[in-house]
Protein chains: 2
Amino acid sequence: MNRMDPVHDKRDAILETALVLFTERGFYGTPTAMISREAGVATGTLFFYFKTKEELIDTLYRQVKSEAGAALKTGVGEEQTVKAKICRVGKNAIAWATANPGRFRFMEQFAHSPFVSTTAHEVGMSHFLFLQELVRDGIREGIIRDYDPALLCSILAASLAGISPRIMATPDPEKRELLGQQGLAFLWNGLAARPETDESCNATGVTAKRKGADDHD
Amino acid sequence: MNRMDPVHDKRDAILETALVLFTERGFYGTPTAMISREAGVATGTLFFYFKTKEELIDTLYRQVKSEAGAALKTGVGEEQTVKAKICRVGKNAIAWATANPGRFRFMEQFAHSPFVSTTAHEVGMSHFLFLQELVRDGIREGIIRDYDPALLCSILAASLAGISPRIMATPDPEKRELLGQQGLAFLWNGLAARPETDESCNATGVTAKRKGADDHD
DNA sequence: GTATAAATTGACTGGTCAGTCAGTATGTTG
DNA sequence: CAACATACTGACTGACCAGTCAATTTATAC
């Protein structure tokens, strides 16, 4: 009986419920009794699977980070150029956040929180190291500015985290598409050694139109 | 006796202590008794100035956000062009975060936290609305890409928040300066309708060198 | 079927903590 | 001085909650 065993309905229910409640009410704002009740299990069951409440949120954080990292990587291997690869990652990021708003908000909230252990934060980071490699490749090829790769990655990650909520809050799918294109165009032009005046990521179909839906707000 | 009265040593001590403890240990992780003890006042005094613990963190959040907003604005009026103004804001942001790491981390941690009331979050946002106006001006002048201004501001804010910790973690002042220049160059090229290949913000002395200190890490 | 282990239950407890309150000190005003 | 208000104190309390544990059910092995 180990973690690989796929039949742990109650364990999964606890994790899923905790994700929602922690995001809505915070860590200490959510009693373990509430988690177990909502998950439909007894209080003891929670502590059977997770020694402490901290271990629960740590597991959750690791899981979500790992999922997100995997989501960002999908299809990157198929792309030929560094630019296309990075655009793919960007699109993946926005798509993942949009499809998993709960998980995205959980990460957002606990990314800088002291409830999650330092090691969990470090393990979480490790899933995004491939981005740094990608940036280094781009610099080597002369297609990305010769700036500090770690800095570029931080900006990239932070920007994607900044773009996503804006897109998630937009109901109209066309407007969403447009915002996504604009956001990615911004990022690519920030990175690019030879930035383009009017379009970006067009090889993969992401061409940021001037307008489209339109200025409001 | 009101909030304008400058002599409230104990109130100030409570706020300052709470800022540090909340950042280090989280909201529910910090008992009010610990705050009052560390601040050198009685438990009752804390509840004399703040009806509840929530009111304390709300006040704190508003105060820090307002301080940060004011810091970003300094000297912007003196600058002539939109580009110079935006670069000024960027430099101000990095300088403020570096000079006030405690406050920066507090904002970072509680920006997405449910402990801070919705209205406090809204009031906090309002201090940064001038940035959006700046971006609109730039678009009108044709110097900034005609993208959604709110989106551009979100990216700008998120990126600055992403750059700052990296710079704060760099001990060597020269390297710091370089990273700051690179970060601002990234942002400007993301925004600019006519991006520059090799430099940015040079009017105000922020020219991002190719290398300088160097790749390590 | 019997034995052994894993999974699950929920009443219970020991400790913690936000907030109270009755009282004291420190002005301020007439 | 008396009367009144503000500032401040710290022991106390009622509620709440993480984690325990003895007992029960379910699954697996022989």
Side-chain angles (χ1 to χ4, degrees), chain A residues 1-61 63 110 113-117 120, chain B residues 1-61 63 106 109-110 113-117 120:
Chain A
M1 187 63 54
N2 59 32
R3 212 59 321 110
M4 298 302 103
D5 197 331
V7 201
H8 278 303
D9 295 357
K10 310 225 165 181
R11 186 175 184 274
D12 291 346
I14 291 166
L15 283 169
E16 212 57 41
T17 309
L19 177 82
V20 174
L21 292 178
F22 282 154
T23 309
E24 278 172 5
R25 323 174 33 105
F27 180 68
Y28 284 110
T30 311
T32 53
M34 182 184 282
I35 298 171
S36 46
R37 178 163 26 87
E38 293 283 307
V41 305
T43 52
T45 308
L46 192 154
F47 291 99
F48 173 73
Y49 285 112
F50 309 96
K51 266 198 292 296
T52 65
K53 201 181 174 186
E54 275 76 17
E55 189 178 308
L56 171 58
I57 199 172
D58 248 56
T59 308
L60 211 40
Y61 188 82
Q63 198 183 72
F110 292 101
S113 121
F115 312 135
V116 174
S117 73
Chain B
M1 186 64 53
N2 57 34
R3 211 61 321 109
M4 297 302 102
D5 197 330
V7 201
H8 278 303
D9 294 357
K10 309 223 166 177
R11 187 176 183 274
D12 291 346
I14 291 167
L15 283 169
E16 211 57 40
T17 309
L19 177 81
V20 174
L21 292 178
F22 282 154
T23 309
E24 278 172 3
R25 323 174 33 105
F27 180 68
Y28 285 109
T30 312
T32 53
M34 182 184 283
I35 298 171
S36 46
R37 179 164 24 87
E38 294 282 308
V41 306
T43 52
T45 307
L46 192 154
F47 291 99
F48 174 72
Y49 285 112
F50 309 97
K51 267 198 290 298
T52 65
K53 200 182 175 186
E54 276 76 16
E55 190 179 308
L56 171 59
I57 199 172
D58 247 57
T59 308
L60 211 41
Y61 188 81
Q63 198 183 72
F106 175 84
Q109 184 177 153
F110 291 101
S113 119
F115 312 135
V116 174
S117 73

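All chains are named by letter (A, B, ...) in the order of the sequence lines, taking the proteins before the strands, and each is independently numbered beginning at 1.
Using the six-membered ring where Trp is involved, F110(A) and F22(A) have ring planes that are perpendicular, over 60° apart on the 30 and 60° scheme.
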>> Run the ring-ring contact (aromatic ring centres under 6.0 Å, His included) test on Y61(A) and F115(A) for me, step by step, so that the C-alpha distance in whole Å, both residues' side-chain angles and the decisive distance to 0.1 Å come before the verdict.
In response: CA-CA 10 Å; Y61(A) 188 82; F115(A) 312 135; over 10 Å; no

>> Please evaluate residues I35(A) and V41(A) with respect to the criterion side-chain contact (heavy atoms from CB on, under 4.5 Å), reporting the C-alpha separation (whole Å), side-chain torsions for both, the decisive distance (0.1 Å), and the verdict.
In response: CA-CA 9 Å; I35(A) 298 171; V41(A) 305; over 6 Å; no

> Do T32(B) and T43(B) pass the side-chain contact (heavy atoms from CB on, under 4.5 Å) test, and can you show the C-alpha distance, the side-chain angles, and the key distance before you say yes or no?
Replying inline: CA-CA 7 Å; T32(B) 53; T43(B) 52; 5.8 Å; no

>> Between I14(B) and F48(B), is the side-chain contact (heavy atoms from CB on, under 4.5 Å) condition met? List the steps.
In response: CA-CA 11 Å; I14(B) 291 167; F48(B) 174 72; over 6 Å; no

>> Determine whether E55(A) and Y49(A) satisfy the following criterion, side-chain contact (heavy atoms from CB on, under 4.5 Å), listing intermediate values before the conclusion.
In response: CA-CA 9 Å; E55(A) 189 178 308; Y49(A) 285 112; over 6 Å; no

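With values rounded to the nearest 0.5 angstrom, R37(A) atom CZ is found 9.5 Å from L21(A) atom CG.
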Produce the list of close N/O pairs, under 3.5 Å, pairing protein atoms with atoms of nucleotides 13-15 of chain D; give distances to one decimal.
none

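Between the CG atom of D9(A) and the P atom of dT26(D) there is a distance of 15 Å, given to the nearest Å. Straight-line distance from the CD1 atom of I35(B) to the C1' atom of dC8(D): 17 Å, rounded to whole Å.
Here the shortest heavy-atom pairing between G26(B) and P114(A) reads N-CG, 3.8 Å.
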> Which letter, B, S or -, goes with each nucleotide of nucleotides 8-19 of chain C from 5' to 3', with contact meaning a protein heavy atom under 4.0 Å?
Replying inline: BBBB-----SBB

